[in-house]
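First up is the structure itself, then whatever we jot down about it.
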Amino acid sequence: MTHADVNGLSLHYEEHGSGEPLVLLHGGIGAGAMFAPILPALAEGRRVITVDLQGHGGTADVDRPLGADLMADDIAALLDHLGLEQADVMGYSLGGKVALRLAITHPARVRRLVLVSVAFRRDGSHPEVLAAMDQMSAAAAEPMMQSPLYAQYERLAPRVEDWPVLIGKISEALKVDFDWGAEIAKITAQTLLVYADADSVRPAHITEFFGLLGGGLRDAGWDYSAQPSNQLAILPGRTHYDVYLSPALPPIVVGFLDAPSR
């Protein structure tokens with residue numbers, strides 16, 4: 001297992017393929033390994049770096065909260081460790097929040113940004129999703145030990161006994177209010193937003209996010225003169241919980257990453 005010592009963490013990461021770098025950031029209570037079904041398609045012709053965020057997978061926890069800004073700083077430090085001035089970054093759910101904060105706080109480090117099922121404000125999620133977040137607590141750790149998420153954690157974690165700590169910290173992080181709308185303008189990376197058509201993020205929030213990125217504000221014109229540089233994709237028949245596994249996702253991402261800059 002490959003680790004980088006960054007910001008007091010022993011950050012686990014793996015590399016696949018060769019070419020231009022693409023960093024993949026997983027969802028909450030997951031690990032880089034969750035991208036395995038789509039990894040071959042993404043790693044064909046590029047260097048894909050999967051990362052286990054703080055307290056997840058092969059990265060042991062440390063004494064600090066699961067803050068998106070803190071974890072974004074970890075990714076910036078990982079790029080330093082790898083000798084990369086810049087990389088493409090794709091994040092899903094929690095990993096998408098980390099990728100978004102990285103693009104806001106370290107804009108020069110991100111060439112192109114792919115955000116999968118991400119809200120830029122807490123109330124971007126449906127009300128029932130917010131209610132579930134508010135109800136989650138460390139007490140969920142024991143019943144969740146019957147889930148595939150725990151099976152993966154048990155297989156990868158350096159300290160399996162930290163499972164209740166992870167669930168407790170995730171529960172706390174889900175309750176933190178945030179609104180990053182005023183900071184979206186700091187992003188310099190060309191950005192692709194991806195959502196499921198039955199996502200946990202509200203459709204109105206999705207279009208608001210795209211609008212903040214300059215998309216959907218006017219007709220592109222027959223000559224493409226008003227075509228926005230940022231893009232939006234909605235994947236059919238998917239939810240927040242399986243959108244990252246859609247076979248339609250890799251070709252959309254690869255096409256976006258390989259397209260000429262606008």
Side-chain angles (χ1 to χ4, degrees), residues 1-4 9 11-17 21-44 46-61 66 68 71-72 74-75 78 87-100 102 113-119 129 136 140-141 144-160 162-163 166-167 169-171 173-174 192 194-196 198-201 233 235 237-254 257:
M1 298 178 74
T2 308
H3 291 81
L9 279 178
L11 194 68
H12 174 241
Y13 69 95
E14 295 182 359
E15 298 195 51
H16 309 264
L22 168 63
V23 177
L24 294 186
L25 303 177
H26 61 81
I29 325 180
M34 70 192 300
F35 291 113
I38 65 170
L39 192 56
L42 294 175
E44 186 176 347
R46 57 182 18 91
R47 175 188 180 187
V48 176
I49 303 155
T50 60
V51 182
D52 290 350
L53 297 170
Q54 174 193 337
H56 291 74
T59 300
D61 195 22
L66 289 179
M71 291 187 282
D74 296 338
I75 303 306
L78 176 63
D88 296 326
V89 181
M90 171 176 157
Y92 158 68
S93 194
L94 171 64
K97 291 173 68 175
V98 175
L100 176 55
L102 178 68
L113 175 67
V114 180
L115 301 177
V116 182
S117 198
V118 178
V129 175
M136 188 173 177
M144 288 182 69
M145 291 178 72
Q146 308 305 315
S147 71
L149 289 172
Y150 178 74
Q152 177 181 256
Y153 183 85
E154 186 178 36
R155 177 171 58 88
L156 298 174
R159 299 193 302 262
V160 178
D162 280 355
W163 173 252
L166 173 61
I167 301 305
K169 287 190 174 183
I170 285 284
S171 301
L174 290 174
L192 167 65
V194 182
Y195 297 90
D199 213 293
S200 64
V201 181
L235 303 189
R238 293 288 168 169
T239 72
H240 173 80
Y241 312 99
D242 67 3
V243 64
Y244 69 97
L245 294 174
S246 171
L249 181 59
I252 291 172
V253 171
V254 170
L257 297 180

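Below, all heavy atoms of this structure are taken into account, side chains as well, without hydrogens, waters or symmetry copies.
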Practice item. Tell me, please, which residues at least two apart from Glu15 pass salt bridge (Lys or Arg N to Asp or Glu O under 4.0 Å). Key: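 Glu15 satisfies salt bridge (Lys or Arg N to Asp or Glu O under 4.0 Å) with Arg47 once adjacent residues are dropped.
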
Residues two or more places apart in sequence or in another chain: which of them pass side-chain hydrogen bond (donor to acceptor under 3.5 Å, both in side chains) with [X]?
X	value
Asp88	Arg111
Gln152	none
Ser200	His240

How many angstroms lie between atom [atom1] of [X] and atom [atom2] of [Y], to the nearest 0.5 angstrom?
X	Y	atom1	atom2	answer
Lys169	Asp162	NZ	CG	8.5 Å
Ile170	Ile29	CD1	CD1	5.0 Å
Leu39	His16	CG	NE2	4.5 Å
Leu156	Asp52	CG	CG	6.5 Å
Met71	Leu102	CE	CG	12.0 Å
Gln54	His56	CD	NE2	8.5 Å

Review point. Is Thr2 close to Glu14 at the side-chain level, that is, under 4.5 Å between some pair of heavy atoms?
Key: no

Check your understanding: If we only count heavy atoms from C-beta on, is the Val114 to Ile252 side-chain gap below 4.5 Å?
Key ->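 Sidechains of Ile252 and Val114: no contact.
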
Exercise for review: Show the numbers, then the answer: is there a side chain to side chain contact (heavy atoms under 4.5 Å, CB included) between Tyr13 and Val23?
Suggested key: CA-CA 10 Å; Tyr13 69 95; Val23 177; over 6 Å; no

Point to revise | Where at least one partner belongs to residues 242-254, residue pairs that pass salt bridge (Lys or Arg N to Asp or Glu O under 4.0 Å), sequence neighbours excluded | key: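 Pairs touching residues 242-254 that pass the test: Arg238-Asp242.
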
Check your understanding: What residues form a ring pair (Phe, Tyr, Trp, His ring centres under 6.0 Å) with Phe35, not counting sequence neighbours?
Key -> none

Check your understanding: Would you call the rings of Tyr150 and Trp163 parallel, tilted or perpendicular, where under 30° means parallel and over 60° means perpendicular?
Key -> perpendicular

Practice item. List the steps and the verdict of side chain to side chain contact (heavy atoms under 4.5 Å, CB included) for Asp61 and Leu166. Key: CA-CA 8 Å; Asp61 195 22; Leu166 173 61; over 6 Å; no

Check your understanding: Among Thr50, Leu53, Val51, whose side-chain contact (heavy atoms from CB on, under 4.5 Å) with His26 holds?
Key -> Leu53

